[in-house]
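Below is one structure, written out as C-alpha cells, with a few remarks after it.
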Amino acid sequence: MLLTTELLFYYQRCQRRTFLDVFANPYERARPSDFLVKLQQDIWAYKQAIVAAQGYSQPNYTKDDWLAGAKATLELMQQGAERIYQGVLLAEGLENVSLVGTPDLLVKESGTSCFGDWMYFPLDIKLGKRPKLDYQLIVAYHALLLAFLQGVLPSKALLLLRDKGEYSVNLSQRVPEVKKLASACIQMLKEQREPEVFISRHPCSLCHWYSSCYALAKSERHISLLPGVTANRYTLLRKLNLTTIEALAAADPTKLEIYPEFANKGAQQLVLQARAFLENRALATPEAFCLSVNDLPVSSVELYFDIEAEPELNLNYLYGVLVVDRQNNTEKFYPFLAEKPEDEKVAWEQFLQFVCQYPLAPIFHFCEYEVQTVKRLAKRYYTPSHWWKPVLKRFTDVHALVTRSVVMPVESYALKSLARWMGFEWRNFNADGAQCVIWYERWLATSDRSFLELILRYNEDDCRATYIVKDWLYNFLKTMQ
C-alpha cells in the first residue's frame, strides 16, 4: 500500500474522499467541471512560471511510476542538484507502509546529511493566499520523508504563497501532527473502514465524488444537508445523540446554547431549520416580527441588480439591471457589458448613468458583493461621490433580509436554492458564476458571441431570481402584519 501526498492531503480535508479514491470504482467519478479544469491549469501555469524563473533540474520518469521517479530524484540529490522540480520522495516510514511525497521543489542548503555537506528542504508552491493547515501539513510530510532519505530533518519547510511570498512552517509543531494524521489515514485504509458521509457545501461541490456522496446523504436524510450544520457542530450533535432531523427538530435550543458551537442564537436557528425541513414549509424567525413590509421598499419602478466578474483579471465585466415597472406591468433587462477588460470603466459609468435615470427606484441585490464592488469601482475610477453614494443608499440586500426573517426547507440560502424552492428555474440549468468566468475567457480567446449570450442570459436570470425572492419575502412578511 502507498500513502501519497494526494491521499494524505485529501484525508486532512475529507477522510471519505481518500477512502473512495482508493476503494471505489474510478469510473463512477464525475468528470471535472470546466471551472475545476481551469483552476488546475492556472495552478500548473503558476508553478511553471515560478520555477522557470529560478532554474531547476527535473527527474525523468513516467507519470505515477513512483519507483522510477524516486530513483531519478535520489540520483539528483546525490549529485547535489541546486533545485529539483517535481521530484518523488519514497520511504518506508510508518507501519510498514511506503510513503510517497511529491514536493514542488527540493532546494539544496548547507548542512550535514548522508549526501555530504549538503541537504534539502521542501518548498511547495500554492496559488492560495493563506498558509492553510492542509498546506502546512503536506509540506511537513515532505520534510518528514526527507528526514528518512537524507538522515536529518530539514532546517525548514516553506510555502510559497501567491500574495504573501514565503511562509516558514513550524516543523516542531507540524511534523508530530502529520505523523499522527498519516497513521490514522493508514489505519483507515488497512481496515477498509468507510467514513460517514458529510456534505460541506463549497469544498464538496468541487469533488469528483460529490454526486455519489450527495445521493447517499439525501437517501439517509443526513443532517449535514441542513444549513448551519458545520463539521464542528455535527461532532457535538453526535455526542448529544441529535443525528436525525426529527431529533434536532424536537431539541430544546436552550440546552444547546451553553455550547460555544451555538453562540449568537445558533441553536435556535438550527432547531428552526430542522423543523422547517420536517414540516416542509417556511417558518418565521423571532426577528421577523420586528420587520415589516416597509423594510422591503416598494415602488412603481424597482431595479434588480447583479454583477458578473473575472477574479483573476480583477475585472467586473457585466452590470445587469432588471427594470420592473409595476405601474405599467413591464419588465426589461439592461446589460452593461465590458466586451474587453479595458472597457470596464465605460460599462461602470454606463451603469451609473442608467440607474440615475430612476432616482426614486430602490435597487435590490443578493448578498454584499454588489455593495462592495460599487465602492471598489468608485475608488478605482475616482468617481465623484455625488454620483455613486446616492445610488448606494438605494441598495437593499435581499439575502440579508431573508436570513434575518425566515427559515426555509432548503439546503442553502444561496440564490439558486431559494429561487428554485419558489418555483423559478434558470434557462441554463447548470450555469453558475464560475461557468460564466469560463465563458468570458472563451469569448476573449475566440470572439464567439455565443459565449456572451450565455453570460447575459445567466445574469438576467439572476436578476429575475432576486425579483422572485424579494416578492416572495414581501408577501411572507405581509401575512405577519
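Any value given below was found using the heavy atoms of this structure, including those in side chains, with hydrogens, waters and symmetry copies removed.
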Audit row: Tyr11, Met188, side-chain contact (heavy atoms from CB on, under 4.5 Å) steps and yes/no: CA-CA 10 Å; Tyr11 182 81; Met188 178 198 74; 3.8 Å; yes

Pairs of donor and acceptor atoms involving the side chains of residues 362-373, under 3.5 Å and at least two apart or interchain, shall be tabulated with distances.
{"unit_1": "His365", "atom_1": "ND1", "unit_2": "Cys367", "atom_2": "O", "d": "2.7"}
{"unit_1": "Tyr369", "atom_1": "OH", "unit_2": "Asn316", "atom_2": "OD1", "d": "2.7"}
{"unit_1": "Glu370", "atom_1": "OE2", "unit_2": "Ile307", "atom_2": "N", "d": "3.1"}
{"unit_1": "Thr373", "atom_1": "OG1", "unit_2": "Tyr369", "atom_2": "O", "d": "2.8"}
{"unit_1": "Thr373", "atom_1": "OG1", "unit_2": "Arg376", "atom_2": "NH2", "d": "3.0"}

Any donor-acceptor N/O pair, Gln86 side chain to Gln58 backbone, under 3.5 Å: no

Taking every non-hydrogen atom, the tightest pair across Ala282 and Pro409: N-CD, 4.0 Å

Distance-only donor-acceptor check, side chains Tyr141 and Gln12, under 3.5 Å: no

CZ on Arg130 to NZ on Lys164, rounded to 0.5 Å: 8.0 Å

Gln269 CD to Thr403 OG1 distance, which is reported to the nearest 0.5 Å: 8.0 Å

Approximate separation, where rounding is to 0.5 Å, of Lys126 NZ and Ile50 CD1: 13.5 Å

Flag side-chain contact, heavy atom, 4.5 Å: Phe23 against Leu189: yes

Steps toward side-chain contact (heavy atoms from CB on, under 4.5 Å) verdict (Ile455, Trp443): CA-CA 10 Å; Ile455 294 169; Trp443 149 251; 5.6 Å; no

Pair Glu453 + Arg457: basic N to acidic O under 4.0 Å: no

Flag, side chain of Arg83 to backbone of Val107, donor-acceptor distance under 3.5 Å: no

Heavy-atom pair of closest approach, residues Ala338 and Glu344: CB-N, 3.7 Å

Plane angle bin for Phe424 and Trp426 - parallel if under 30°, tilted between 30 and 60°, otherwise perpendicular: perpendicular

Residues forming a side-chain contact (heavy atoms from CB on, under 4.5 Å) with Asn170, sequence neighbours excluded: Ser172, Gln173

Salt-bridge present (Glu166, Lys156; N to O < 4.0 Å): no

Under 3.5 Å: donor-acceptor pair, side chain of Glu257, backbone of Ala267: no

Chi angles and distances behind the side-chain contact (heavy atoms from CB on, under 4.5 Å) call for Met77, Leu146: CA-CA 11 Å; Met77 295 168 74; Leu146 278 170; 3.6 Å; yes

Donor-acceptor pair, side chain of Asp124 and main chain of Tyr135, under 3.5 angstrom: no

Under 3.5 Å: donor-acceptor pair, side chain of Thr5, backbone of Thr102: yes

Short side-chain donor-acceptor distance under 3.5 Å, Thr254 and Asp252: yes

SB check Asp21 Arg17 (cutoff 4.0 Å): yes

Any donor-acceptor N/O pair, Thr73 side chain to Gly87 backbone, under 3.5 Å: no

Gap separating the CG atom of Leu144 from the CG atom of Leu149, nearest 0.5 angstrom: 10.0 Å

Close side-chain approach of Glu246 and Arg221, heavy atoms under 4.5 Å: yes

Test item: Ser98 side-chain N/O and Leu2 main-chain N/O as donor-acceptor pair under 3.5 Å: no

Electrostatic pair Asp34:Arg442 at N-O distance under 4.0 angstrom: yes

Any Trp439 side-chain heavy atom under 4.5 Å of Glu308 side chain: no

Worked check of side-chain contact (heavy atoms from CB on, under 4.5 Å) between Trp472 and Val469: CA-CA 5 Å; Trp472 181 94; Val469 174; 5.7 Å; no

Option from Lys180, Arg174, Lys179 for which salt bridge (charged side-chain N to carboxylate O under 4.0 Å, His left out) with Glu177 holds: Arg174

Separation of Asp461 CG from Phe429 CZ (nearest 0.5 Å): 12.5 Å

Residues which pass ring pair (Phe, Tyr, Trp, His ring centres under 6.0 Å) with Tyr467, listed by chain and number, not counting sequence neighbours: Tyr304

pair Asp134-Leu137: side-chain heavy atoms closer than 4.5 Å: no

Test: Glu196 and Arg16 ion pair at under 4.0 Å: no

Test item: Asp104 side-chain N/O and Ile125 main-chain N/O as donor-acceptor pair under 3.5 Å: yes

Residue pair Leu477 / Asp295, side-chain heavy-atom distance below 4.5 Å: no

From Leu171 atom CG to Ser155 atom OG, the distance as rounded to the nearest 0.5 Å: 8.5 Å

Whether Tyr440 and Tyr317 hold their rings parallel, tilted or perpendicular, with breakpoints at 30° and 60°: parallel

Residue pair Leu313 / Pro341: nearest heavy atoms and the distance that separates them: CD1-CG, 4.5 Å

Axial cation check for Tyr474 ring with Lys478, 6.0 Å and 45° limits: no

Nearest non-hydrogen partners of Ala70 and Leu90, listed with the distance: CB-CB, 3.5 Å

Verdict with reasoning, His142 to Tyr120, per ring pair (Phe, Tyr, Trp, His ring centres under 6.0 Å): CA-CA 11 Å; His142 295 152; Tyr120 288 89; over 10 Å; no

Over 12 foreign heavy atoms within 6.0 Å of CZ, Arg31: no

Least distance between heavy atoms, Pro335 atom then Leu456 atom: CB-CD2, 3.5 Å

Those residues that, when tested against Glu261, pass salt bridge (charged side-chain N to carboxylate O under 4.0 Å, His left out) (two or more places apart): none

Lys/Arg N to Asp/Glu carboxylate O, Lys218 vs Glu411, below 4.0 Å: yes

Note, Leu248 side chain near Phe277 side chain (heavy atom, < 4.5 Å): no

His399 side chain near Leu415 side chain, heavy-atom distance below 4.5 Å: no

Under 3.5 Å donor-acceptor, Ser417 side chain and Ala414 backbone: no

Donor on one side chain, acceptor on other, Gln48 and Tyr85, under 3.5 Å: yes

Contacts of Leu74 that satisfy side-chain contact (heavy atoms from CB on, under 4.5 Å) - sequence neighbours left out: Gln78, Phe115

Pairwise side-chain contact, Asp306 with Thr466, heavy-atom cut-off 4.5 Å (strictly under): no

For Lys129, side-chain contact (heavy atoms from CB on, under 4.5 Å) partners two or more places apart: Arg162, Asp163

Taking every non-hydrogen atom, the tightest pair across Leu272 and Pro286: CD1-CD, 4.2 Å

